[in-house]
2 protein chains.
Amino acid sequence: MTRLSFRQKVLASREEAIVSTVMRLLAEKGFDQMTVDEVAADVGIAKASLYKHFASKEALAAAAMVQALGLALDQVQAQQAVAGASAMDRLQAITRWTLQTQLAGAMPTLPAENSALRNALIAHRGYMDRLMTLSDDLGAWIVQAQADGAIDRNLPPEAVLFTVYARACDPVLGFLKAGGRYSDEQIVDWVMSSCFNGLAARP
Amino acid sequence: MTRLSFRQKVLASREEAIVSTVMRLLAEKGFDQMTVDEVAADVGIAKASLYKHFASKEALAAAAMVQALGLALDQVQAQQAVAGASAMDRLQAITRWTLQTQLAGAMPTLPAENSALRNALIAHRGYMDRLMTLSDDLGAWIVQAQADGAIDRNLPPEAVLFTVYARACDPVLGFLKAGGRYSDEQIVDWVMSSCFNGLAARP
DNA sequence: GTCTATAAGAGGATAGAC
DNA sequence: GTCTATCCTCTTATAGAC
């Protein structure tokens, strides 16, 4: 019993290691550029062993996306727990976390293009459940922030939600970081400002 | 002489047809998902014939990007010619054109990730020349708009430039279009507003 | 320059021993 | 479950006839 449990833990932690590697590689190169050989080499096991844990490359990516969504949901929970924060405060906090995570190279890029991956994700219950939960939570904040007059009421909540999601794969962060002249914190501040305050000067 | 010229025109127009097809496919699926077989089939010639015109898949993509940058530079020229327009007006006009072009499926996506393509583009003189010219032109508008007090002076011009470039591959347009409930014009208006005015309500 | 046919190789997935 | 070795498909690129 103890031995079995121990073995299970070893296996579980190995799967965690796999998912972590996949998440990093997805953030680094995207789904197409990431090869299964590379994942296996990085984790330090044979490729065939990978396929004992995950049925396909798409399943591998889906597991990483589920993990990423789980982290986002944790952040939402953390923000819900902050007393006295407005909906706008919470929305900005989660957006900031998203930018920081992307800049740290730990945010797998969303695949708007690839159909094989898209279909796999749509068919993945855990992924879709988390995505919908996250969208519902953020959607509620957005509606509330609009009621508060903090978010532009002319924008449909949908558009605001997509805009926040899109920041998770905004190439501006990478462009500014590539220059090497600014700190991560400075970059995040600028993107936060352009996202919420806009490029145009405020009176 | 006449016959030679005619043949040259036929060849040139064939190359134009190739480049147009590549530009459309790049916008549709991205560099990785686009196959050379597909390009050849779409143009209606054999794949080997494609390689008589362009040395590699990267060269094919580079030609399409050069064409796209050329169209953008044409837009810049057109805006320069508008009398009485402020730098901010011009910046918004070119941004709007970028969004409309992407929504029309005619804007090849910039490849921040793929290294093979990146290197090919960086090594491509025509591409780099156009990119730098465009950046210089837009950069001048941005600096002027900041001097006018129209663009937020706290943002470095670089960040504003990258933000405008990033709109060319903003997934928000596709998300909103996928819903099918809004007109292209409406979608462009919302993204323009969130880009320049920000998500936060203006007083 | 255009075609058909094919080389060359990358990458996802599996067989079978242990 | 892990390994080595292999299969097989897809895709880039070229050979060689016309």
Side-chain angles (χ1 to χ4, degrees), chain A residues 3-19 21-22 25-26 28-64 111 113-121 123-124, chain B residues 3-19 21-22 25-26 28-64 111 113-121 123-124:
Chain A
R3 186 153 164 247
L4 189 64
S5 173
F6 175 72
R7 286 182 59 186
Q8 285 177 335
K9 278 182 189 168
V10 168
L11 287 181
S13 77
R14 170 145 297 177
E15 291 205 354
E16 278 174 29
I18 294 171
V19 172
T21 297
V22 171
L25 288 176
L26 275 184
E28 219 171 88
K29 339 178 63 174
F31 182 74
D32 291 329
Q33 298 290 315
M34 179 186 80
T35 70
V36 177
D37 292 82
E38 197 177 8
V39 174
D42 256 49
V43 176
I45 63 176
K47 181 163 56 167
S49 303
L50 261 191
Y51 279 96
K52 295 289 181 179
H53 291 280
F54 299 93
S56 66
K57 186 186 178 185
E58 281 76 20
L60 219 45
E113 353 161 1
N114 188 306
S115 60
L117 180 54
R118 257 194 91 75
N119 294 338
L121 288 177
H124 194 293
Chain B
R3 184 152 165 248
L4 189 63
S5 173
F6 174 73
R7 286 183 59 188
Q8 285 177 336
K9 277 182 192 171
V10 169
L11 286 181
S13 78
R14 169 145 296 177
E15 291 206 354
E16 277 174 32
I18 294 171
V19 171
T21 296
V22 171
L25 288 175
L26 275 183
E28 220 171 87
K29 339 178 64 174
F31 182 74
D32 292 329
Q33 299 289 316
M34 179 187 80
T35 69
V36 177
D37 291 82
E38 199 176 7
V39 175
D42 257 49
V43 176
I45 62 176
K47 182 163 56 169
S49 303
L50 262 191
Y51 279 97
K52 295 288 181 179
H53 291 279
F54 299 93
S56 66
K57 186 185 177 185
E58 281 76 20
L60 219 45
E113 352 160 2
N114 189 306
S115 60
L117 180 54
R118 257 194 90 76
N119 295 338
L121 289 177
H124 194 291

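Chain A is the first sequence line, chain B the second, and so forth, proteins listed ahead of strands; every chain is numbered from 1.
In the set C/dT2, D/dT12, C/dT14, C/dT14 carries the atom at the smallest distance from any side-chain atom of A/Y51.
Note: CZ (B/F54) to P (C/dG1) measures 12 Å, nearest angstrom. Distance CG (B/L50) to P (C/dG1): 14 Å, rounded to an integer number of Å. At whole-Å resolution of the value, CD1 in A/I18 and C1' in D/dG1 are 11 Å apart. In this structure, CD of B/Q33 is placed 14 Å from C1' of C/dG11, rounded to the nearest angstrom. Rounded to an integer number of Å, the gap from A/E15 CD to D/dT2 P is 9 Å. Distance A/L60 CG to C/dG12 P: 10 Å, rounded to the nearest Å. Here the P atom of nucleotide D/dT11 and the CG atom of B/D32 are 12 Å apart, to the nearest Å. For the pair B/M34 CE and D/dA13 P, the computed distance is 10 Å after rounding to whole Å.
Residue-level contact check: B/K57 touches the backbone only, with heavy atoms under 4.0 Å from sugar-phosphate atoms and none from bases.
In this structure a side-chain-to-backbone donor-acceptor pair under 3.5 Å is missing from B/K57 to B/L117.
Within residues 35-47 of chain B, the residues that place at least one heavy atom under 4.0 Å from DNA chain D are, in residue-number order, B/T35, B/V36, B/D37, B/K47.
Between B/I18 atom CD1 and B/L60 atom CG the span is 7.0 Å, to the nearest 0.5 Å. The structure places NE2 of B/H53 at 5.5 Å from CD1 of B/I45, a figure rounded to the nearest 0.5 Å. Note that OG1 of B/T21 is 10.0 Å distant from CE of B/M34, once rounded to the nearest 0.5 Å. Here the CZ-NZ distance, from A/R14 to A/K52, works out to 14.5 Å after rounding to the nearest 0.5 Å.
Between A/R14 and D/dT2 there is a side-chain polar atom (N or O) within less than 4.0 angstrom of OP1 or OP2. Checking the phosphate oxygens (OP1, OP2) of D/dC3, a side-chain nitrogen or oxygen of A/S49 falls inside 4.0 Å.
When all heavy atoms of A/A61 and A/V22 are compared, the closest pair comes out as CA-CG1, 4.3 Å.
If B/K52 and B/E58 are placed on DNA chain D by their nearest nucleotide, the residue sitting closer to the 5' end is B/E58.
Just one of A/L25, A/L26, A/D32 meets the side chain to side chain contact (heavy atoms under 4.5 Å, CB included) condition when paired with A/K29; it is A/L25.
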